[in-house]
Amino acid sequence: MITPVLETDRLVLRAPDISDFEPLCALMADEEVARFIGGVQTPPLAWRGLCGIVGHWQLRGYGFFSVIEKESGQWLGRVGPWNPHGWPQPEIGWTLNRASWGKGYATEAAAACMDHVFDTLGWDSVIHLIHADNHGSQAVAARLGSSNTGEEVEVPGFGILVDVWGQSADDWRARRKQAAVHKR
């Protein structure tokens, strides 16, 4: 399977590979980073998560991208389209390591993924499942032009209640030039 590579001014988004395992373990061991995505994971659980993402690519033809900073070559986290079994609808999600927070990387990577899912995959709309206390992710979603739909759902398999944020492809295209892609 050939997976796309997306590029922005500062980032390369590529399919995950084995080199991502160690930085993923560090990301998932950080209590602050993992608190809204199911909590801290041990390396065996992080391995299963990585394999799940790779499997998602195989089964769905898309999935979370590994986010690489162009300048340093460092793995920053994962961002991308996601639709595992039981999800309310296809999502674009993001999780970046704490050293990457506040630099606009999540918004930049998610905007590239929004273009990809609407222009290449042909999605009609997208959601983001965001915990009510996760103000950082809410800010990213708002910068992308998404809004809280007022719907609350349980994340399948995690028992976590989250708010559903989202927007249509038409709304994204109308706002694309106004989206704060490179701003915090």
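Just so you know, these numbers come straight off a predicted model, no measurement behind them. The first residue of the sequence shown is numbered 1, and numbering continues consecutively from there. Just the heavy atoms: all of them, side chains too, but no hydrogens, waters or symmetry mates, feed the values below.
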| Residue pairs involving residues 25-54 (criterion side chain to side chain donor-acceptor pair (under 3.5 Å); sequence neighbours excluded) | D30-R98
| field | Shortest non-hydrogen contact from L96 toward A106 | value | CD1-N, 3.4 Å
| remark: Distance col, row I37:CD1 vs S137:OG, nearest 0.5 angstrom, shows 9.0 Å
| query | Of all residues at least two apart in sequence or in a different chain, which pass the side-chain hydrogen bond (donor to acceptor under 3.5 Å, both in side chains) check with T149? | reply | none
Quick one: side chains of residues 60-67, donor-acceptor pairs under 3.5 Å with protein atoms, not counting sequence neighbours, listed by atom name and distance.
residue, atom, partner, partner atom, Å
R60, NE, N83, O, 2.8
R60, NH2, N83, O, 2.8
S66, OG, D20, OD2, 2.6
S66, OG, W75, NE1, 3.2

| said: I'd like to know if L59 and L121 are part of one continuous hydrophobic network [Ile/Leu/Val/Met/Phe/Trp/Tyr, side-chain heavy atoms within less than 4.5 Å]. | reply: no
| task | Can you tell me which residue pairs pass the salt bridge (Lys or Arg N to Asp or Glu O under 4.0 Å) test with a partner in residues 66-83, sequence neighbours excluded? | result | E7-K70
| Trace of the side-chain contact (heavy atoms from CB on, under 4.5 Å) decision for M114 with Q167 | CA-CA 10 Å; M114 297 281 278; Q167 66 181 294; 3.2 Å; yes
| Between V54 and D17, is a side-chain contact (heavy atoms from CB on, under 4.5 Å) present by the stated rule, with each step listed? | CA-CA 8 Å; V54 171; D17 64 36; over 6 Å; no
| task | Heavy atoms only: give me the nearest F118-D124 pair and the separation to one decimal. | result | CE2-C, 4.1 Å
| Between N97 and V33, does a side-chain contact (heavy atoms from CB on, under 4.5 Å) hold up when you go through it step by step? | CA-CA 7 Å; N97 63 35; V33 171; 5.5 Å; no
| task | Taking all heavy atoms of P81 and all of W123, pick out the closest pair and write down the distance. | result | CB-CH2, 3.5 Å
| field | Spacing of CD1 belonging to I68 relative to CZ belonging to R10, to within rounding of 0.5 Å | value | 14.5 Å
| task | Might you point out which heavy atoms bring I130 and A141 nearest each other, and give the distance in Å? | result | CD1-CB, 3.7 Å
| Can you hop from L45 to F158 via hydrophobic side chains spaced under 4.5 Å? | no
| task | Using side-chain contact (heavy atoms from CB on, under 4.5 Å) as the criterion, list what pairs up with S147, not counting sequence neighbours. | result | none
| field | Hphob cluster co-occupancy, V140 + V117, side-chain heavy atoms under 4.5 angstrom | value | yes
| Listed once per pair and sorted, the salt bridge (Lys or Arg N to Asp or Glu O under 4.0 Å) pairs that draw on residues 149-162, sequence neighbours left out | none
| Roughly how far, to the nearest 0.5 Å, is the OG atom of S19 from the CG atom of L24? | 11.0 Å
| Quick one: side-chain contact (heavy atoms from CB on, under 4.5 Å) partners of S168, sequence neighbours excluded? | D170, D171
| Smallest separation among heavy atoms of A34 and V40, with atom names | CB-N, 3.7 Å
| What's the shortest heavy-atom distance between L13 and A109, and which atoms? | CD2-O, 3.7 Å
| task | Check the hydrophobic clustering (I, L, V, M, F, W, Y; side-chain heavy atoms under 4.5 Å; chains of links allowed) and say if W101 and F36 are grouped together. | result | no
Please tabulate, for the side chains in residues 85-93, all donor-acceptor contacts under 3.5 angstrom to protein atoms that are two or more places apart in sequence or on a different chain.
residue, atom, partner, partner atom, Å
W87, NE1, E91, OE1, 2.8
Q89, NE2, S125, OG, 3.0
E91, OE2, L129, N, 2.8

| task | Report the distance from atom OH of Y105 to atom OG of S100, rounding to the nearest 0.5 Å. | result | 6.5 Å
| Could you give all pairs that pass the salt bridge (Lys or Arg N to Asp or Glu O under 4.0 Å) test and reach residues 160-169, with sequence neighbours left out? | none
| Between F21 and M28, is there a shared hydrophobic cluster once you connect ILVMFWY residues whose side-chain heavy atoms come closer than 4.5 Å? | yes
| message | If you apply the rule side-chain contact (heavy atoms from CB on, under 4.5 Å), what do you find for L161 with V153, and how did you get there? | response | CA-CA 6 Å; L161 290 176; V153 298; over 6 Å; no
| task | For W94, check ring pair (Phe, Tyr, Trp, His ring centres under 6.0 Å) against everything at least two apart and list the hits. | result | H128
| request: Side-chain contact test, heavy atoms from C-beta onward, threshold under 4.5 Å: evaluate it for T95 versus L27 and give yes or no. | output: yes
| CD1 on I53 to CH2 on W82, rounded to 0.5 Å | 5.0 Å
| request: To the nearest 0.5 angstrom, please state how far the NE2 atom of H116 sits from the CG atom of L6. | output: 5.5 Å
| Would a distance-only check, ignoring hydrogens and angles, find a side-chain to backbone donor-acceptor pair under 3.5 Å from Q138 to A132? | yes
| Which pairs with one or both residues in residues 111-120 pass salt bridge (Lys or Arg N to Asp or Glu O under 4.0 Å), sequence neighbours excluded? | D115-R176, D119-R173, D119-R176
